[in-house]
Amino acid sequence: MAPEVLCTLALPKPFPALVSDAATLRTAGHLMSRDELVSELRERPVDVLCPQLRESVDGIVLDAGGSRLRCVSLFAVGFNNVDVDAATGRGVVVANTPGVLTNATADCAMGLMLAAARNLCEGDREVRAGRFAGWEPEYLLGQDVSGALLGVIGFGRIGQAVARRALGFSMRVVYFDSTDPPVAEDLQGRVSPTPLDTLLREADVITLHTPLTEETHHLIDEPALRTMKDSAILVNTSRGPVIDEATLARALREGWIAGAGLDVYENEPELAPGLTECANVVLSPHLGSATIKTRAAMAELCALNALDALAGQTPRHCVNPEAWARGAPPPLIHAAT
Ligand code: DGY
């Protein structure tokens with residue numbers, strides 16, 4: 001039986017060619033509800049499933065995959081849409097695409113930070129609406145980025161890439177990360193760990209780079225927003241539910257903080273009521289990794305993870321290698337390089 005891979009949405013080059021060389025690639029061409037995924041996997045079992053970050057893969061979906069499903073290969077670094085414990089318990093490895101989207105996502109965070117601090121999107125709206133009447137001494141004044149204190153919450157690869165960029169903008173950088181990650185050599189001595197409460201109280205700009213877990217769900221809630229400076233800018237390129245978005249809309253409207261730059265939302269693609277009416281928030285549609293090169297690199301890694309699994313090898317970027325602790329399934333293809 002030829003190995004089969006199911007993608008819900010079509011993935012960019014080189015994914016199709018890499019996978020089709022070794023397996024039968026089926027692409028649904030649309031996002032699938034949980035029920036659709038369940039009936040699809042029951043009716044036409046596959047070895048590898050490549051879902052999208054908006055599709056939830058829980059124990060019921062994994063059960064529908066039966067004993068044939070060996071790997072869930074994500075086209076994303078975030079894996080909060082997959083019940084990893086359920087996958088591990090069923091001997092299914094879960095793979096993701098870390099590293100290749102670090103710079104693109106960090107660039108996006110900097111873009112949102114600068115745009116929000118300097119009213120660039122509001123300015124754009126003013127110009128387009130014909131309301132720009134010429135330079136004035138106090139027109140659309142924003143916050144200084146240079147010299148400001150940046151608080152990075154979540155200091156993994158992307159948080160550190162943002163810190164590196166911020167230092168280039170003459171910002172001072174503190175960070176909070178409950179996992180105490182290793183700090184890259186070039187950042188040592190230039191950034192300091194800080195308790196979360198201090199960071200919230202003192203930072204001029206706060207940027208979120210934490211994975212979405214039970215602990216980080218609504219990490220930025222009403223008390224956190226009320227702790228921040230009224231001049232603070234909040235940036236989120238991680239996952240929407242890290243912020244209590246309805247409360248953020250209130251905070252922006254009532255001036256608890258000065259502004260925000262958001263790339264991700266609590267219930268994508270819906271936004272909390274009132275958010276779009278706030279002039280002091282810059283809203284981008286989950287574009288963190290959206291560059292041609294980055295998406296191609298993600299597609300390649302997603303394919304290589306799938307091919308590793310088909311070859312009976314733990315995927316090169318696997319979030320639960322313990323799923324195969326009692327032995328990997330037999331190879332169906334030769335190992336990819
Ligand atoms: C991810 O990879 O988790 C992003 O949200 C999409 O690139």
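Whatever order the structure lists them in is the order used to number ligands and atoms, beginning at 1. We count residues from 1, following the sequence as given.
To the nearest 0.5 Å, atoms CH2 (Trp256) and CD (Glu222) are separated by 4.0 Å. Here the CE-CD1 distance, from Met113 to Ile233, works out to 10.0 Å after rounding to the nearest 0.5 Å. The line from CD of Glu254 to CG of Asp230 is 13.0 Å long, rounded to the nearest 0.5 Å.
Within ligand 1, the atoms closer than 4.0 Å to a non-hydrogen atom of Leu53 are 5 (O), 6 (C), numbered from 1 in the order shown. Contact atoms of ligand 1 toward Met298: 7 (O) (distance under 4.0 Å to a heavy atom of the residue). Listed by number with element, the atoms of ligand 1 under 4.0 Å from a non-hydrogen atom of Leu101 are 2 (O), 7 (O). Residue Ala76 has at least one heavy-atom neighbour below 4.0 Å for each of these atoms of ligand 1: 1 (C), 2 (O), 3 (O).
Counting heavy atoms under 4.0 Å from ligand 1, residue Thr105 does not touch it at all. At a heavy-atom distance under 4.0 Å, no atom of Asn96 approaches ligand 1.
Under the 4.5 Å side-chain heavy-atom criterion for Ile, Leu, Val, Met, Phe, Trp and Tyr, Ile333 and Leu6 are members of distinct hydrophobic clusters. Hydrophobic clustering of Ile, Leu, Val, Met, Phe, Trp and Tyr side chains at less than 4.5 Å, counting indirect connections, keeps Leu31 apart from Met298.
Every N/O-N/O distance between Ser238 and ligand 1 stays at or above 3.5 Å. At least one N/O-N/O distance between Gly78 and ligand 1 falls below 3.5 Å. Looking at His286 next to ligand 1, an N or O pair under 3.5 Å apart turns up. Close N/O approach between Val77 and ligand 1 is found [any backbone or side-chain N/O within under 3.5 Å]. Between Arg239 and ligand 1, a contact under 3.5 Å exists for at least one N or O pair.
Proximity of Glu266 to His218: side-chain heavy atoms (C-beta onward) are separated by under 4.5 Å at one or more points. When side chains are defined from C-beta on, Gln52 counts as touching Phe75, because their heavy atoms get closer than 4.5 Å.
What sits closest to atom 7 (O) of ligand 1 on the protein, heavy atoms only, is Ser289 OG, 2.5 Å.
Enclosure of atom CZ in Phe169 is not indicated, since only 12 or fewer non-hydrogen atoms of other residues, nucleotides or ligands lie within 6.0 angstrom.
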